[in-house]
Every structure is written in structure tokens, then in C-alpha cells.
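So you know, we letter chains A, B, ... as the sequences are listed, proteins then strands, and number each from 1. Below, all heavy atoms of this structure are taken into account, side chains as well, without hydrogens, waters or symmetry copies.
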Amino acid sequence: MNEVKVNDKLCKGCGYCVHYCPKKILELGKVRSSKGHFYPAVTDQEACIACLMCATICPEGAIEVAKGE
Amino acid sequence: MEQLYKRPKCIQPMQSGYCPGCLHSLATRITAEVVEELEQQNNCILVLPVGCSTMGLLYWKIDMVGSAHGRAPAVATGVKRCSKNSLVFTYQGDGDLAAIGLAEILSAANRGENYTVLFANNSIYGMTGGQMAPTTLEGQKSTTTQKGRDPLTTGYPMRMCELIATLDAPKYVARFSLHDPANVRKAKAGIKKAFETQLAGGGFTFVELMINCPTNWGLTPLDSLTYMVENTIPVFPLGVYKDVEV
């Protein structure tokens with residue numbers, strides 16, 4: 001299973017990853033991070049195709065992507 | 001598990017100082033990735049001028065020099081001439097490079113100094129609060145053109161890539177945009193090509209990156225990307241303007 005991890009300490013909640021995710025599995029959460037931003041949560045980890053769209057557009061580099069077996 | 005993407009190590013492990021959604025931090029991040037791919041972390045010197053770009057002084061983990069407003073190309077000239085084997089590059093905004101630093105950039109380009117200039121163009125003065133820059137679009141509102149920029153009194157948007165490509169000395173002049181992932185990858189390849197040209201001793205290389213300024217445009221981050229596609233990019237066409245083999 002591919003894995004997308006959003007680092008809430010780096011995220012500023014701009015929503016670019018949510019907009020560009022082709023599988024629409026990212027969603028801005030309702031909980032604020034310690035910096036006061038709404039950061040995205042992964043709604044369906046199994047649907048991730050590890051295309052790196054979110055990691056490529058993230059201005060802060062807050063998203064890490066790993067490809068599973 | 002195979003790690004496909006990890007944050008570059010030559011930027012600090014903290015949030016950048018830029019506003020949410022600002023593509024300045026994306027430009028910094030992809031430049032950091034290129035520096036790491038070329039394994040130049042310990043061999044590069046970044047010259048930063050005044051503007052939002054100065055926030056890089058707190059964000060990068062490489063050797064840096066701060067310069068006076070607009071004078072980064074002049075400082076970089078000295079740095080590169082003293083340290084010929086280092087990867088030297090400047091990172092300048094449009095108010096800095098196209099307005100106050102116009103003489104420095106054109107002279108440096110005309111001399112064909114062997115370093116790279118990364119030019120982040122968001123068509124407004126960001127740090128000082130959204131005044132009109134030379135690159136502001138016709139009709140675009142800013143704090144000094146409240147009814148929109150009027151060409152009769154304030155002129156037309158200045159296209160730096162086209163201007164520099166007319167000179168003989170520059171070796172690589174290109175304009176990229178960072179508004180979607182495909183263009184980000186193209187921009188990264190362009191920055192890499194510019195750095196490789198410099199490391200091969202080629203000469204002056206200039207990469208313009210179209211970015212946004214959600215705060216001073218008064219738009220949400222996503223709306224500012226739409227604004228870029230609809231208004232900014234038609235005025236500043238993307239592409240490679242000069243590419244001389246070295």
C-alpha cells in the first residue's frame with residue numbers, strides 16, 4: 001500500500017494538494033495544527049497511486065510519499 | 001517501502017516565512033532539490049537581495065550573502081570571480097530585479113558572468129505591501145494603482161526574459177510557471193539545466209519563475225493560481241528564449 005504523510009508542523013493549509021490530487025483522497029481537516037492552520041487528512045490511503053502530484057505542488061514540502069510493495 | 005519523495009535537507013526543517021500558498025517557498029524548495037541532485041550543498045553560494053526573497057536567509061542551510069536592494073548580480077559577480085568552482089546563484093523578486101536592480105542585472109547579463117539568476121516574478125511588490133512593480137499587468141490593481149495599472153501614465157509590463165535574450169552573452173534564458181505540478185517539474189528541469197550550464201563554465205543563465213502573491217492580489221491561494229493561468233501567463237509567455245550549447 002502506498003503511503004502519503006502530511007506533516008502538520010510544516011503545512012500551512014493552502015489546499016493545493018487537495019485540489020491537484022487525481023484520486024481526491026486528500027481533504028482539509030477540521031482540526032487546527034499547532035501553527036493554527038487546517039491541514040489535510042488522507043481519507044482513503046489504499047486508493048493512493050503514488051503519483052507525487054501532492055508532493056510536487058506542496059510549497060512547504062510537507063508531504064512525504066512512499067511506495068508500497 | 002520505497003521512499004519516493006522526501007523534503008530536501010538543505011532547507012531548514014521548519015515552515016518558511018512566506019504566506020500560506022505563496023509559490024516563493026515552492027521555488028525555494030525545488031531549487032533546494034536541484035542543489036541536492038547535483039550534490040552541490042557544500043559548494044554553493046546563494047546571493048539574496050531585499051524583498052520577500054530575503055526570507056531565504058532564515059530558510060536555507062547553505063552559504064549565503066545578503067546584498068543591497070537590487071544589487072545581488074553585482075555581489076554575485078564578485079563572489080563568482082573569487083570562487084570560480086562554486087555554484088553561485090541569486091534569487092530575486094520582480095520589484096528587486098526589474099525595478100531598482102535593472103542596471104545591475106542587464107550589465108551582468110551583458111558581461112556574461114558565469115552564474116545563474118533565478119527571477120521570481122509575481123507582478124507586484126510583495127514585502128512592502130503590494131505596490132505596482134514594472135511587471136504589474138495592465139489593469140491590475142495594487143496599492144499605488146488603485147484603479148488598475150494605466151499604461152498611459154505607468155507604462156506596460158516589462159518582460160525580462162525577452163529583454164535579456166536579445167543580448168549576446170547569456171547562454172540560457174527561460175521562463176517557467178509554478179502553478180501546477182506539470183509546470184513545477186518543467187521548472188525544476190530548467191533550473192537544473194541552468195546550474196549544469198554554469199558548472200560546465202558556460203556563462204550567464206537566467207531562469208524566470210512565474211509565481212503568485214495571494215496576500216497582495218487579495219485572492220485565496222487557489223484563486224490566485226486561476227488568476228495566473230487566466231491573466232499573468234498570457235502576458236508572460238512560457239518557454240525557452242535562448243539556449244546556446246556550451
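For B:Pro13, the part lying near chain A is the backbone, with the side chain staying farther off; criterion is any non-hydrogen pair under 4.5 Å. The contact between B:Asp180 and chain A is made by backbone and side chain atoms together, counting heavy-atom distances below 4.5 Å. When heavy atoms are compared at a cutoff of 4.5 Å, B:Leu222 approaches chain A by way of both its backbone and its side chain. Residue contact with chain B, scored on non-hydrogen atoms closer than 4.5 Å, involves the backbone of A:Cys51 exclusively. Using a 4.5 Å cut-off between heavy atoms, A:Lys5 makes no contact with chain B at all. Residue B:Ile30: no heavy atom, backbone or side chain, is found under 4.5 Å from chain A.
The minimum heavy-atom distance between B:Ser224 and A:Tyr16, with the atom names listed, is OG-OH, 4.0 Å. Residues B:Pro181 and A:Thr56 come closest through the heavy atom pair O-CG2, 3.8 Å. Here the shortest heavy-atom pairing between B:Cys22 and A:Pro59 reads O-CB, 3.7 Å. Across every non-hydrogen atom of B:Pro20 and A:Cys14, the tightest pair is C-CB, 4.3 Å.
Atom NZ of A:Lys24 has more than 12 heavy atoms from other residues, nucleotides or ligands within 6.0 Å. In A:Glu27, the CD atom is not crowded: 12 or fewer heavy atoms of neighbouring residues, nucleotides or ligands sit closer than 6.0 Å. No more than 12 heavy-atom neighbours from other residues, nucleotides or ligands sit within 6.0 angstrom of CD on A:Glu46.
Within the 4.5 Å cutoff, no side-chain heavy atoms of B:Tyr5 are placed close to those of A:Val4. Counting heavy atoms from C-beta on, the side chains of A:Met53 and B:Val184 never come closer than 4.5 Å. Here the side chains of B:Gln15 and A:His37 are in contact, with some heavy-atom distance below 4.5 Å. You'll find the side chain of A:Tyr20 reaches within 4.5 Å of the side chain of B:Leu225, heavy atoms only. Two residues are said to be in side-chain contact when any heavy atoms from C-beta on lie closer than 4.5 Å; A:Lys67 and B:Met1 fail this criterion.
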With side-chain hydrogen bond (donor to acceptor under 3.5 Å, both in side chains) as the test, would you mind laying out the steps for B:Ser25 and A:Lys12 before giving the verdict? CA-CA 11 Å; B:Ser25 38; A:Lys12 285 180 179 167; 5.3 Å; no

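Between B:Arg185 atom CZ and A:Leu52 atom CG the span is 6.0 Å, to the nearest 0.5 Å. Rounding to the nearest 0.5 Å places CZ of B:Arg7 at 8.5 Å from SG of A:Cys58. Distance check: B:Thr226 OG1 to A:His19 NE2 gives 6.5 Å after rounding to the nearest 0.5 Å.
In terms of heavy-atom pairs under 4.5 Å with chain A, the best-connected choice from B:Cys19, B:Ala32, B:Ser16 is B:Ser16. The choice from B:Arg29, B:Lys188, B:His24 that makes the most heavy-atom pairs within less than 4.5 Å of chain A is B:Arg29.
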